[in-house]
Amino acid sequence: QVQLVEPGGGLVQAGGSLRLSCAASGRSFSSYAMGWFRQAPGKEREFVTAMTWSGGSTRYADSVKGRFTISRDNAKNTVYLQMNSLKPEDTAVYYCAAGPVGRYYYGLGYLNPASYDYWGQGTQVTVSS
């Protein structure tokens with residue numbers, strides 16, 4: 001059974017940093033892409049960043065480019081989201097997701113939540129001003 005487990009959310013002041021992790025288990029993810037999405041109250045789920053498990057490709061939303069970094073640790077089967085220079089508008093529930101790498105590369109598939117088959121439970125990130 002595939003599981004994506006995300007500890008690591010929390011409360012941070014504007015300008016601060018936070019690192020989220022996503023521990024993946026239950027299958028090989030070598031042919032998968034991993035993504036991070038977020039959803040603020042009253043808003044739709046939005047793309048934050050994604051990468052192929054091989055590390056050959058990464059994508060970022062314009063709103064986080066230069067501030068957030070996605071990475072993975074193959075030995076731990078874990079994907080990370082390092083968030084720096086946080087802003088109050090980054091406040092949301094953050095979700096880790098996994099989907100076949102083919103959908104990642106098909107058009108703008110990496111942006112689309114429907115391209116991902118597996119989702120974590122979500123973790124709250126709150127940035128105070």
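We use all heavy atoms of the structure for the numbers below, so side chains are in, but hydrogens, waters and symmetry mates are not. Being a predicted model, the structure only gives us computed values, none of them experimental.
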Visitor: Are L4 and W53 linked, directly or through other ILVMFWY residues, by side chains that come within less than 4.5 angstrom of each other?
Guide: yes
Visitor: Is there a side-chain contact between P100 and D117 (heavy atoms, below 4.5 Å)?
Guide: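 Counting from C-beta outward, P100 and D117 do come under 4.5 Å.
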Visitor: So, D62 and K65, do they make that salt bridge, N to O below 4.0 Å?
Guide: yes
Visitor: Side-chain heavy atoms nearer than 4.5 Å, only ILVMFWY residues, links allowed to pass through others: does that put V93 and V5 together?
Guide: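 Shared cluster, no.
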Visitor: Do the non-hydrogen side-chain atoms of Y94 and Q124 ever get within less than 4.5 Å of each other?
Guide: no
Visitor: Hey, does the side chain of T123 reach the backbone of G9 with a donor-acceptor pair shorter than 3.5 angstrom?
Guide: yes
Visitor: To the nearest 0.5 Å, what is the distance between CZ on R38 and CG on L81?
Guide: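 Those atoms lie 9.5 Å apart.
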Visitor: Are Y106 and N112 side-chain neighbours, meaning at least one heavy-atom pair lies under 4.5 Å?
Guide: no
Visitor: Working to the nearest 0.5 angstrom, can you tell me the gap between Q121 CD and C96 SG?
Guide: 9.0 Å
Visitor: Measure across Y116 and G109 and return the closest heavy-atom pair with its distance rounded to 0.1 Å.
Guide: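 So the two residues come closest at CE1-O, 4.3 Å.
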Visitor: Is there a side-chain contact between M83 and L20 in this structure, where contact means two heavy atoms from C-beta onward sitting under 4.5 Å apart?
Guide: yes
Visitor: Show, in sequence, the C-alpha distance, side-chain angles and deciding distance for K87 and R67, and conclude whether the side chain to side chain contact (heavy atoms under 4.5 Å, CB included) test is met.
Guide: CA-CA 10 Å; K87 305 175 182 179; R67 299 188 299 123; 3.8 Å; yes
Visitor: Mind checking whether Y60 and V48 sit in one hydrophobic cluster, side chains of I, L, V, M, F, W, Y counted as touching below 4.5 Å?
Guide: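 Yes.
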Visitor: Does R45 qualify as a cation-pi partner of Y95, given the criterion of NZ or CZ under 6.0 Å from the six-membered ring centre and within 45 degrees of its axis?
Guide: yes
Visitor: Under 4.5 Å between any side-chain heavy atoms of M51 and R72, yes or no?
Guide: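 Yes; the side chains approach each other to less than 4.5 Å.
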Visitor: Take F29 and V79 through the side chain to side chain contact (heavy atoms under 4.5 Å, CB included) test and state the conclusion after the steps.
Guide: CA-CA 11 Å; F29 290 90; V79 177; over 6 Å; no
Visitor: Quick check for you: to the nearest 0.5 Å, what is the distance between S128 atom OG and L86 atom CG?
Guide: 10.0 Å
Visitor: Report the distance from atom CG of N77 to atom CE of M34, rounding to the nearest 0.5 Å.
Guide: 8.0 Å
Visitor: Can you list everything that forms a salt bridge (Lys or Arg N to Asp or Glu O under 4.0 Å) with E89? Sequence neighbours excluded, please.
Guide: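 Checked E89 against salt bridge (Lys or Arg N to Asp or Glu O under 4.0 Å); zero matches.
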Visitor: To the nearest 0.5 Å, what is the distance between OG (S71) and OH (Y80)?
Guide: 7.5 Å
Visitor: Which label fits F37 and F47: parallel for a plane angle under 30°, tilted from 30 to 60°, or perpendicular past 60°?
Guide: perpendicular
Visitor: Do C22 and W36 have side-chain heavy atoms sitting under 4.5 Å apart?
Guide: yes
Visitor: Tell me whether S30 contacts the main-chain N or O of S28 through its side chain, where contact means a donor paired with an acceptor under 3.5 Å.
Guide: no
Visitor: Determine yes or no for a side-chain-to-main-chain donor-acceptor pair under 3.5 angstrom, with S85 supplying the side chain and G15 the backbone.
Guide: no
Visitor: Is the closest side-chain heavy-atom distance between F68 and T49 below 4.5 Å?
Guide: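 Not in contact.
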Visitor: Please tell me if the side chains of T52 and Y32 come closer than 4.5 Å, counting only heavy atoms from C-beta onward.
Guide: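 T52 vs Y32: side chains apart.
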Visitor: Using 30° and 60° as the class boundaries, would you call the ring planes of Y104 and Y110 parallel, tilted or perpendicular?
Guide: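 Plane angle between 30° and 60°, so tilted.
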Visitor: Between V12, L18, L11, which is the residue that forms a side-chain contact (heavy atoms from CB on, under 4.5 Å) with V127?
Guide: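 One option only clears the test, and that one is V12.
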Visitor: Between the side chains of S17 and R19, does any donor sit under 3.5 Å from an acceptor?
Guide: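 Not at all, the side chains of S17 and R19 share no donor-acceptor pair under 3.5 Å.
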